[in-house]
*Asks:* 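Have a look at the structure that comes next, please.
Along the sequence shown, residues are numbered consecutively beginning with 1. Heavy atoms only: backbone and side chains are in, while hydrogens, waters and symmetry mates are out. Whatever order the structure lists ligands and atoms in, that order sets their numbers, starting from 1.
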Amino acid sequence: MEQQQEVATRPIMTPNDPKDAAVLCRGITKSYGSGETQVKALRGVDLEVRPGELLMLVGPSGCGKTTLISVVAGILDQDEGECLLFGQNLSLLPQHERVRYRGEHIGFVFQAFNLIPSLTAAENAAIPLLINGIPMDEAVQKAALLLASVGLEGREHALPSQLSGGQQQRVAVARALVHSPRLVVCDEPTSALDQVTGIRVMEGLKKLAVNNDRALVIVTHDARIFSFADRIAHMNDGAIERIENNL
Ligand SMILES: Nc1ncnc2c1ncn2[C@@H]1O[C@H](COP(=O)(O)OP(=O)(O)OP(=O)(O)O)[C@@H](O)[C@H]1O
Ligand SMILES: [Mg+2]
């Protein structure tokens, strides 16, 4: 892999200053809809992710995992509470600055991949670089390197419809990493992958997305990858019930 980052070499510390946390969420609530059909997806979540940490988020279907990481990544607005990313409260930024911050500093793997059907694998994976003003040729070249690192060498020119589910998922992972973001958030990144490929993708994620000033948050049901986590947060019914150290 070209853009190798050093894996964390110092122990993970609890930051003394909240500004030092990669993610700091306090009292996050989020409901969908209103009246009788209202669903309370988050009921007051506190969460801290430290720089250099790989935190996994687990819990039953519908407990609020996707909602929580969408708030963390600034994709969804919470109703109450506060979420800081590396000391920055995205909710306080004007919309264009918030979009720019996300584009530069956050990588996101969506549960449903969200690839653009009319773009090739390499073009899809290059999107964050293009958003950040990198010229097309350079962006696609870099994206091709990331695709190779997740085992998709030779498939750069394929459209999503010509790729298997697991291959599409790996394009989504490459896209989340291509711009070397400080925070990578993945929603079930190995759900469509066999064991060997899943482990390879996790190794790539850990290598590229975790170091002293980066962090990785992964929602997963996949017990085969739990050993990669530093901590595992267990969620139920819109709240984090406990956090387990996995070191
Ligand atoms: N856009 C939406 N509109 C209405 N309700 C929603 C919406 N998105 C999620 N919900 C509801 O919010 C709750 C939490 O959903 P969420 O997608 O966060 O769960 P999850 O833990 O990611 O589940 P899964 O493991 O199945 O992906 C669920 O009850 C869901 O039905
Ligand atoms: Mg989900």
*Asks:* Per the side chain to side chain contact (heavy atoms under 4.5 Å, CB included) rule, which among V58, I240, I243 passes with H234?
*Replies:*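 One option only clears the test, and that one is V58.
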*Asks:* Once you round to the nearest 0.5 Å, how far does CD of Q78 lie from OG of S70?
*Replies:*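 The CD atom of Q78 sits 11.5 Å away from the OG atom of S70.
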*Asks:* Considering only non-hydrogen protein atoms, determine which one is nearest to atom 14 (C) of ligand 1 and report residue, atom name and distance to 0.1 Å.
*Replies:*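 Among all protein heavy atoms, the one nearest atom 14 (C) of ligand 1 is G62 O, 3.3 Å.
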*Asks:* Provide the protein N, O or S atoms situated under 2.8 Å from the Mg ion (ligand 2); waters are not included.
*Replies:*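 Those protein N, O or S atoms (cut-off: under 2.8 Å from the Mg ion (ligand 2)) are T66 OG1, Q111 OE1.
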*Asks:* Looking only at protein heavy atoms, which one is nearest to atom 17 (O) of ligand 1, and what is the separation?
*Replies:*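 In this structure, atom 17 (O) of ligand 1 has T66 CB, 3.7 Å as its nearest protein heavy atom.
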*Asks:* Under a 4.0 Å heavy-atom limit, does T67 contact ligand 1 with its side chain, its backbone, both, or neither?
*Replies:*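 For T67, the contact with ligand 1 is made by both the backbone and the side chain.
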*Asks:* Does ligand 1 have an atom under 4.0 Å from some heavy atom of G33?
*Replies:*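 Flag not set, G33 not near ligand 1.
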*Asks:* Under 4.0 Å, counting heavy atoms only: does M235 come that close to any atom of ligand 1?
*Replies:*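 No, M235 has no heavy atoms under 4.0 Å from ligand 1.
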*Asks:* Among S61, G238, G64, which one puts a heavy atom closest to atom 19 (O) of ligand 1?
*Replies:*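 Nearest option to atom 19 (O) of ligand 1, by heavy atoms: G64.
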*Asks:* For atom CD of E241, is the number of surrounding heavy atoms from other residues, nucleotides or ligands below 6.0 Å larger than 12?
*Replies:*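 It does: E241 CD has more than 12 such atoms within range.
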*Asks:* When you check the side-chain N and O atoms of Y32 and T67, is any donor under 3.5 Å from an acceptor?
*Replies:*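 Per modelled atom types, Y32 and T67 side chains form a pair under 3.5 Å.
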*Asks:* Could an N or O of ligand 1 be found under 3.5 Å from any N or O of A41, whether backbone or side chain?
*Replies:*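 Between A41 and ligand 1 (N or O atoms, distance only) the closest approach is not under 3.5 Å.
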*Asks:* Do you reckon L90 sits in the same ILVMFWY cluster as F86, going by side-chain contacts under 4.5 Å, direct or chained?
*Replies:*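 Hydrophobic grouping puts L90 with F86.
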*Asks:* Is the shortest N/O to N/O distance between K65 and ligand 1 below 3.5 Å?
*Replies:*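 N/O-N/O distance under 3.5 Å: yes.
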*Asks:* Among all protein non-hydrogen atoms, which one is nearest to atom 6 (C) of ligand 1, and what is the separation to 0.1 Å?
*Replies:*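 Among all protein heavy atoms, the one nearest atom 6 (C) of ligand 1 is Y32 CD1, 3.2 Å.
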*Asks:* With respect to E53, which candidate in K206, R214, R231 satisfies the salt bridge (Lys or Arg N to Asp or Glu O under 4.0 Å) definition?
*Replies:*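 Going through the options one by one, the only one that passes is R231.
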*Asks:* Starting from atom 27 (O) of ligand 1, find the nearest protein heavy-atom neighbour and note its residue, name and distance.
*Replies:*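 Protein heavy atom with the smallest distance to atom 27 (O) of ligand 1: Q111 NE2, 2.8 Å.
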*Asks:* Does NE2 belonging to H157 count more than 12 external heavy atoms closer than 6.0 Å?
*Replies:*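 Not more than 12 within 6.0 Å, no.
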*Asks:* Could you tell me which atoms of ligand 1, counted from 1 in the order shown, lie closer than 4.0 angstrom to a heavy atom of H221?
*Replies:*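 Going through ligand 1 atom by atom, the ones under 4.0 Å from H221 are 25 (O).
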*Asks:* According to a 4.5 Å side-chain heavy-atom criterion applied to Ile, Leu, Val, Met, Phe, Trp and Tyr, with indirect links allowed, do L152 and I199 form part of one hydrophobic cluster?
*Replies:*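 The answer is yes; both residues are in one hydrophobic cluster.
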*Asks:* Output yes when D187 and K65 qualify as a salt bridge under the 4.0 Å nitrogen-oxygen rule, no when they do not.
*Replies:*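 No.
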*Asks:* With a 6.0 Å cut-off on the ring centroids, do F108 and F110 count as close?
*Replies:*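 Under 6.0 Å, so yes.
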*Asks:* Measure the distance from atom 31 (O) of ligand 1 to every protein heavy atom, then report the residue, atom name and distance (to 0.1 Å) of the closest one.
*Replies:*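 Atom 31 (O) of ligand 1 sits closest to the protein heavy atom V39 CG1, 4.9 Å.
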*Asks:* Go through the side-chain N and O atoms of S191 and Q169 and say whether any donor and acceptor fall under 3.5 Å apart.
*Replies:*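 Note: S191 and Q169 side chains meet the donor-acceptor criterion.
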*Asks:* Following the transitive rule for hydrophobic clusters with a side-chain heavy-atom cut-off under 4.5 Å over Ile, Leu, Val, Met, Phe, Trp and Tyr, establish whether V217 and L76 coincide in one cluster.
*Replies:*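 Yes: a chain of side-chain contacts under 4.5 Å links V217 to L76.
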